[in-house]
Amino acid sequence: MTAGHERFIATDGVSKTYNPRRADPVRAVDTVTMHVDRGEVLVLEGPSGSGKTSLLSLIGCMSRPTAGRIVVDGRDVAKLAESELTMERRQRFGFIFQQFHLVADLPVIENVLVPLYPTELSLREMRRRAHAALGRFALDAKASRKVRTLSGGEQQRVAIARALVNDPQVVVADEPTAHLDRRLAEELLAILEDIHRDGRTVVIATHDPRIFDHPIVDRVLEMRDGRIVGERRR
Amino acid sequence: MIISKHRAFLLLTAVEVAVVIALVVRARGVAADLAVTDILAKRAVAARLGLTDLAIWTEARYTRHPSQTDLFSPFQDFPSSLEHFPAGSVVGVPDLTGFRQPAEP
Amino acid sequence: MRRHLKILEFALSALWRRRFKNLAIVVVYGFTIAVLASILLMTDAMRGEAEQILIGAPDLVVQRVAAGRHDLIPVDYAEEIRGLPGVGEVSPRYWGYYFDAFTESNFTFVGIDDGPPYELELLEGRLPSAPSECAVGEGVARARSTGVGHELTLISHDGLGVIFDVVGEFQASSSILTNDLVVFRNADLVELFGIPEGRAVDLSVEVFNDGEVSTVAAKVKRIFPDTRPITRSEILRTYDAVFSWRSGMLLTVFAAALAAFCILAWDKATGISAEERREIGVLKALGWSTRDVLELKFWEGAAISLTSFLLGLIAALVHIFLLGASLLAPVIQGWSVLFPEFRFTPSITVYQLFVLGFLTVVPYVASTVAPSWKAAVTDPEEVMRG
């Protein structure tokens, strides 16, 4: 598995400050310059509060930096209007959240459909894709079950199916193994490996050693106090 | 595949709108029919008997003939008392400011 | 277009999640609208009917006021009024109230002058044309179990029972005008009530030109300062006011309904729950724009309020025009013992329906969309951090 050397996402002196106008501003990301190559598996490693989730949100076009530039596929997204940022997110990124963030009262299929609603796809096509995504994780039979009734591992696979349903170029995962036991964590890593094999770029924020020691990881960036303090290449 | 929810909703809404339109059209048809027969007949009754008011509230002079009552009847006990009859909540207080004083001297 | 429909689809899925709660909202909301629409439709129908019917009322009625009370008027006044330019017939009117001890209800007695026509379309039989004859309204006929060909015993002013032959009965469809009436010849009524010689209850004045009625009224008032002229337009205006939106009951009920709305809206507007904020954040993270999220909220509000509005409106239309306002009638009825059965002449304007729709649907949709605004415009990451 060779990591490509084409720059896909690059940040240039990016900072993110919360509560900038208050007396106690929090500088979660502090002038970070880094990049993500196309097709690689990159891990942002650091203890909680080190700014890795904030950096992940910036890379994933979920928030805009206070200072600096972020270039995604040759386009500076730091200054984009909200609607265009949304388009970037919709077309390029799939997200796997720490707590899955599924809608517990909705059926599995509806959860997977969520990213497709604001597109121009027909409902029929949407359902076809959702079933395909669920089928990949052997969940098709449970498509009409409420999420609440599924096991933790199944919920995790629903969340991943949802992240993949819009066929993203980049899959962004925030602490994906935080609440998982060893078996489920291994299952997740197997799935990530599978996703990577599709040719997708994967960016993971974690402090779980099970992940950054895993053979699929190409590169690990160590973060402390909003800065990158080290880089390990495998 | 089951019918999608938005189709069901739009269909339901269309049916509701159709029912409203049907009821309104029907009501207007009835009104048009009544206008030429019923209303004219009632007007003839009012004209022949010299009636000035509708026979809806019969409990007191000023509710039976709101247009004919003197200004004091609704306030017999005390000018600002709340009157006794529920119909008073439907019959408005007479317009004291524009009381039927002819404008010209 | 397709995108909008799909967002509607998702909104419906979201509503379906809490279908019992939302169904309850539709029921309560629809009921409120049904009540409001019923009142609106009914008062409008009645106002329209009053306007149409009372065009038949006298052009001008002249009352005498003594010591602040309506008093009997000397018939002599008629001569002088008849002399005014533009005035036609001036006839004394005899009418009054009668408490019927048998049925504990109030009747209205009306006297008519002798002269045709004795037959009216809405009268079974004829009007009284000979001594000791009377015609009765449907309510009186029902209360006293009488009718054409039967008798009606009444107590005169001096405490004697007087028997009248019922020669006419007004049809139920004229009840709104005739329900509590007993119609006599003037002479019989004068005798029954003991009205003194040379006095009448009031005078009915015919004015040839509608435009001169108020001028004539002013002249009458100047010649006889103790009189109170009431023009037909004032009668019509009275009924306009009686049934207008400003009328007390409407206002009260409307205020109560409005208060209920406000509580509902306030409940929604005091901030969406953390759960809802998180959901909005997730939607945004998954590629929904601010516009999409607000559109979702719009559809959620619109689906509920539009359905409630239409169902409520249907219920009101059926209630008022097919069932004769059977539920609302007792509220209108008050303490009347004789109460006419209503048959409403529908008067519906598209404007009315729009006003009603606007007053009910828009605030609800606004109170659904507005609280989500703040969550929808912030960056998804911040929403998720809470």
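Each chain gets a letter, A, B and so on, in the order the sequences are listed, and its residues count up from 1. Atom set for the values below is all heavy atoms of this structure, side chains included, hydrogens, waters and symmetry mates excluded.
- At a 4.5 Å heavy-atom cutoff, Met87(A) makes no contact with chain C through either its backbone or its side chain.
- With a 4.5 angstrom heavy-atom cutoff, Val114(A) touches chain C via backbone and side-chain atoms both.
- Distance alone, capped at 3.5 Å, is enough to place a donor-acceptor pair between the Lys6(C) side chain and the Thr119(A) backbone.
- Between Pro380(C) and Met62(A) the shortest heavy-atom distance is CD-O, 3.1 Å.
- Here Glu125(A) contributes atom CD and Arg2(C) contributes atom CZ; the two are 9.5 Å apart, rounded to the nearest 0.5 Å.
- Between the OG1 atom in Thr86(A) and the CG atom in Leu286(C) there is a gap of 11.5 Å [rounded to 0.5 Å].
- Although no hydrogens or angles enter the test, the distance criterion places a donor-acceptor pair under 3.5 Å between the side chain of Arg89(A) and the main chain of Lys284(C).
- Among the candidates Gly60(A), Pro107(A), Ser83(A), Ser122(A), the residue making the largest number of heavy-atom pairs closer than 4.5 Å to chain C is Ser122(A).
- Glu120(A) touches chain C through backbone and side chain together, each having a heavy atom under 4.5 Å away.
- Contacts of Leu116(A) with chain C are made by backbone atoms alone, with heavy-atom separations under 4.5 Å and no side-chain atom involved.
- Shown here for Gly287(C) and Pro118(A), the closest heavy-atom pair between the two residues is O-CG, 3.9 Å.
- Contacts between Leu102(A) and chain C at a heavy-atom distance below 4.5 Å involve the backbone alone (N, CA, C, O).
- Considering only heavy-atom pairs separated by less than 4.5 Å from chain A, the leading option among Leu283(C), Ile7(C), Asp292(C), Leu296(C) is Asp292(C).
- Residue with the most contacts toward chain C among Leu85(A), Val103(A), Leu113(A): Val103(A) (heavy-atom pairs, distance under 4.5 Å).
- Environment of CZ in Arg291(C): sparse, with no more than 12 heavy atoms of neighbouring residues, nucleotides or ligands closer than 6.0 Å.
- Heavy-atom neighbours of Phe31(C) CZ from other residues, nucleotides or ligands within 6.0 Å: at or below the threshold of 12.
- Taking CD from Glu110(A) and CD from Glu9(C), the interatomic distance works out to 6.5 Å, rounded to the nearest 0.5 Å.
- Contact annotation for Arg64(A): both backbone and side-chain heavy atoms come within less than 4.5 Å of a heavy atom of chain C.
- Most heavy-atom pairs under 4.5 Å with chain C: of the set Arg90(A), Glu88(A), Lys146(A), Gln91(A), this distinction falls to Arg90(A).
- Remark: Arg19(C) CZ is packed, more than 12 non-hydrogen atoms of other residues, nucleotides or ligands lying under 6.0 Å away.
- The number of heavy-atom neighbours closer than 6.0 Å to CG of Asp225(A), taken from other residues, nucleotides and ligands shown, is 12 or below.
- In terms of heavy-atom proximity, Arg3(C) sits nearest to Tyr117(A) at CG-O, 4.0 Å.
- For Arg17(C) (side chain) and Leu106(A) (main-chain N/O), no donor-acceptor pair under 3.5 Å exists by modelled atom type.
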